[in-house]
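Computed from heavy atoms alone, side chains included, the values below leave out hydrogens, waters and symmetry copies.
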2 protein chains.
Amino acid sequence: MKNNAIQSPAIEYAATPKMGTTLLRDIKTREDLSLAYTPGIADVCKLIVQDESALRTHTFVRNNLAVISDGTAVLGLGNIGPKASYPVMEGKAMLFKRFGGIDAIPIIVHAKDDEELITTIENIADSFGAINLEDFAAPRCFHIEEELKKRLSIPVMHDDQQGTAVVVLAAVTNALTLFPHQQKDTKIVISGVGAAGVAVARLLIASGYSNVVMVDSKGIIGKHRTDLTSEKVELLKVTNQHNEQGTLAHALKRAGVFIGVSKGNLLKAEDIQRMDKDAIVIAMANPIPEIMPDVAKQAGAAIVATGRSDFENQVNNALAFPGIFRAAIDMNTKITQKMLVCAAQAIVAYHQDHLSASSLLPSILDDGVHLAIANALKANF
Amino acid sequence: MKNNAIQSPAIEYAATPKMGTTLLRDIKTREDLSLAYTPGIADVCKLIVQDESALRTHTFVRNNLAVISDGTAVLGLGNIGPKASYPVMEGKAMLFKRFGGIDAIPIIVHAKDDEELITTIENIADSFGAINLEDFAAPRCFHIEEELKKRLSIPVMHDDQQGTAVVVLAAVTNALTLFPHQQKDTKIVISGVGAAGVAVARLLIASGYSNVVMVDSKGIIGKHRTDLTSEKVELLKVTNQHNEQGTLAHALKRAGVFIGVSKGNLLKAEDIQRMDKDAIVIAMANPIPEIMPDVAKQAGAAIVATGRSDFENQVNNALAFPGIFRAAIDMNTKITQKMLVCAAQAIVAYHQDHLSASSLLPSILDDGVHLAIANALKANF
């Protein structure tokens, strides 16, 4: 390692192994060898030739998953490339094991274009029981996810989209239980129209929220805009029903909920004051939220949530993905929008007796919530 | 599973999990989470941005490996496709862990052609510390392996080629110690010019054996043949120095060593009788060897070895690949022909005090031999 290499507690932590593979049967005798490997293993091959589903009942595929990234939108770091994204995939694999009991394998992919990327993932997909896409930049991520869902029979989810959306939906539902505003008609402003923003909007709308206004770096997404991508034009059909124009500040007027998946330090106290009384602020930009919780609170926000673990009300995907994939793998089913809504409802139901303005969601570390999500999905799908 | 599904002890064994991933650090607190995952993990990403080698010092890549197949030449089963080949890759991954301490991940690949296959493997290669290619059919396997070695900086080996070659070289060396024949000038006949046959010939020649004759299903590989692939033409430059023609039976005349990597029941007692006195017969066709040991012995063979664990003198790749990859990963070096010769010599040295006609090689289950190979390679390269 170079002498000028950076140091930090997480780097020290990573300097010794964090995960590994393990044998669940010992290999001590020739008999063991002949069952685990040749010649016995040929029988398992023949079984799969006869019945492909044995790949999911008689091999490691039964419980494994790939955490795949191309490193184009990693945390707050941006497009740092596949190699530098690997630690995030490994960390995520650890969370899959810890909270979902899933044998997750980090895989990083580089490819010359989207088609080659999709083909590469498609070509190795039989090795896994499910695929968690991670940290793919928008708008490419929409096409990549859609194509893979089309081409593959195993569960595929882009966690930055659907995982985020589930946890935000649970957070919004809980917040509106405490401070009802206009319930399903509450004006919800989403700042950021990347992977997360688009998925959050879609899931909110799928679960009945009718008054969503989206804002990107150029302002409100509306019919007046001539610079919209096809994805944004599509979203416009179901958002901004009152045809609003202007900046984020304009959008916030009389909004009940602000959802930030954009960038740090975007809002001031006066922006919060433009919102409804008892405003709900979910500011998830990482590591610096769109507004700091103390500033938002002082400006009158009733509830403030962020993506950070060092503030109250952390909104983090890790609350959703282990349980969702646990169920999807066990049922070997594609992950649908209805399943995502069900997962959010399971989080809400699990937390109902503990809900407060400073405890909007269960802790990621609570094993019960992951199990509750998996069980709800398995009971309903 | 279908009702007519086959049953066997290995299938029963495979019905419950054989391997998994495991966390080497527990995740119990928010502090643990922030070190294993966000926000701390961003520091490890930044470290890799600054110094790519940190991927090998600070992540799971430090000790992992992919066991990759396209399922085109699986055991004695032939081209059964990627899915049905998976159990072999998983079994091999277990052996990598058990005997080499390596976190091996089974990966199966389907692709429309060789170029797409190579590109797919190349595109995911950064996820691994090394690649073990497995059960790729000849002659494609030569090009695939060569291209991947060219394009990738990590160790790559096609075990059906190089792994087999190392163990055969050790077996031949030991057998000629017991029954010297003409030592390096001993006539060695190789039946089978597939992945294993070609690699065995090359390695024998690289370690000084000068009198190798190769035979395929159409007879001796010689200048008289007009149907040779480029691979076989290449081999001809260093084999069949006496310009022999004819069948396998012709080739065996006065041969000291027979090496079979072809198909079962190819030889009769009279073929062995054509060979030199005290013939050495290494008949590795699976599951039925080229000649059964009792028949060969009765016909005068001094030493008979097969690929099977239920006869004496098993010649199995598993004796070589764990130690070779252990060393290659630890040194992060490409695997060269000289390293393969060194690995064979390490097996020979390890077994010298136990060598006999009925104990030609150490047992795969002997942990010491894997360590001896790894240590020899690390000491010499």
Side-chain angles (χ1 to χ4, degrees), chain A residues 1-2 5-6 8 10-11 13-15 17-25 27 30 34-37 39-45 47-49 51-52 55 58-60 75 77 80 82-84 86-88 90-91 94-95 97-98 103 105 107-111 120 123-124 126-127 287 309, chain B residues 1-2 5-6 8 10-11 13-15 17-25 27 30 34-37 39-45 47-49 51-52 55 58-60 75 77 80 82-84 86-88 90-91 94-95 97-98 103 105 107-111 120 123-124 126-127 287 309:
Chain A
M1 206 185 317
K2 290 171 188 167
I6 45 178
S8 85
I11 289 175
Y13 183 89
K18 296 189 281 188
M19 60 174 281
T21 62
T22 186
L23 300 189
L24 304 175
R25 314 282 188 84
I27 298 177
R30 295 217 158 258
S34 73
L35 291 170
Y37 195 51
I41 203 69
D43 294 335
V44 189
C45 297
L47 181 68
I48 297 174
V49 168
D51 175 7
E52 276 196 3
L55 184 61
H58 284 69
T59 79
F60 182 53
L75 306 175
L77 305 170
I80 57 174
K83 284 186 184 176
Y86 189 94
V88 177
E90 181 178 357
M94 293 179 75
L95 269 48
K97 184 70 183 184
R98 173 66 181 79
D103 299 313
I105 310 295
I107 301 280
I108 47 175
V109 185
H110 71 86
T120 295
N123 287 355
I124 62 165
D126 287 337
S127 317
S309 56
Chain B
M1 209 185 315
K2 291 170 191 168
I6 45 178
S8 85
I11 289 175
Y13 183 89
K18 297 189 281 190
M19 61 174 280
T21 61
T22 186
L23 301 188
L24 304 174
R25 313 285 187 82
I27 299 177
R30 297 218 157 258
S34 73
L35 290 169
Y37 195 51
I41 204 68
D43 293 336
V44 189
C45 298
L47 180 68
I48 297 174
V49 168
D51 175 7
E52 276 195 1
L55 184 60
H58 285 70
T59 80
F60 183 54
L75 307 175
L77 305 170
I80 57 174
K83 283 186 184 175
Y86 189 94
V88 178
E90 181 179 356
M94 293 179 74
L95 268 49
K97 184 70 184 186
R98 172 67 180 77
D103 299 313
I105 310 295
I107 301 280
I108 47 176
V109 185
H110 72 86
T120 295
N123 287 355
I124 62 165
D126 287 336
S127 317
S309 56

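Residue contact with chain B, scored on non-hydrogen atoms closer than 4.5 Å, involves the side chain of A:Leu55 exclusively. Both the backbone and the side chain of B:Ile107 come within contact range of chain A, each with at least one heavy atom under 4.5 Å from a heavy atom of that chain. Neither the backbone nor the side chain of A:Pro287 comes within contact range of chain B; no heavy atom of the residue lies under 4.5 Å from a heavy atom of that chain. Of the atoms belonging to A:Ile124, heavy atoms from both backbone and side chain fall under 4.5 Å from chain B. Of the two parts of B:Ile105, only the side chain, counted from C-beta on, holds a non-hydrogen atom closer than 4.5 Å to a non-hydrogen atom of chain A. When heavy atoms are compared at a cutoff of 4.5 Å, B:Leu75 approaches chain A solely by way of its side chain, counted from C-beta outward. For B:Ile27, the parts lying under 4.5 angstrom from a heavy atom of chain A are both the backbone and the side chain.
Taken to the nearest 0.5 Å, the CG atom of A:Leu23 stands 7.5 Å off from the CE atom of B:Met19. The structure places CG of A:Leu47 at 11.5 Å from CD of A:Glu52, a figure rounded to the nearest 0.5 Å.
A:Asp126 pairs by the side chain to side chain contact (heavy atoms under 4.5 Å, CB included) definition with B:Lys83, B:Ile108, B:His110, not counting sequence neighbours. In this structure, the side-chain hydrogen bond (donor to acceptor under 3.5 Å, both in side chains) partners of A:Thr21, at least two apart in sequence or on a different chain, are B:Asp103.
Note: A:Pro17 leads A:Pro17, A:Ala111, A:Pro39 in heavy-atom pairs under 4.5 Å with chain B. Among B:Leu95, B:Asn123, B:Leu77, the residue with the largest count of heavy-atom pairs under 4.5 Å with chain A is B:Asn123. Listed options A:Ile48, A:Leu35, A:Ile41 were ranked by heavy-atom pairs under 4.5 angstrom with chain B; first place goes to A:Leu35. For the set B:Gly40, B:Ala42, B:Ser309, B:Ala36, the entry with the most heavy-atom pairs within less than 4.5 Å of chain A is B:Ala36. Among A:Ala84, A:Gly91, A:Ser34, the residue with the largest count of heavy-atom pairs under 4.5 Å with chain B is A:Ala84. The candidate with the highest count of non-hydrogen atom pairs below 4.5 Å against chain B, out of A:Pro82, A:Ser127, A:Ser8, A:Ala10, is A:Ser127. With chain A as the partner, the residue from B:Thr59, B:Val109, B:Val49 showing the most heavy-atom pairs under 4.5 Å is B:Thr59.
Contact check for B:Glu90 versus B:Lys18: side-chain heavy atoms found under the 4.5 Å cut-off.
A:Arg25 places a side-chain N or O within 3.5 Å of a backbone atom of B:Tyr13 that can act as its donor or acceptor partner.
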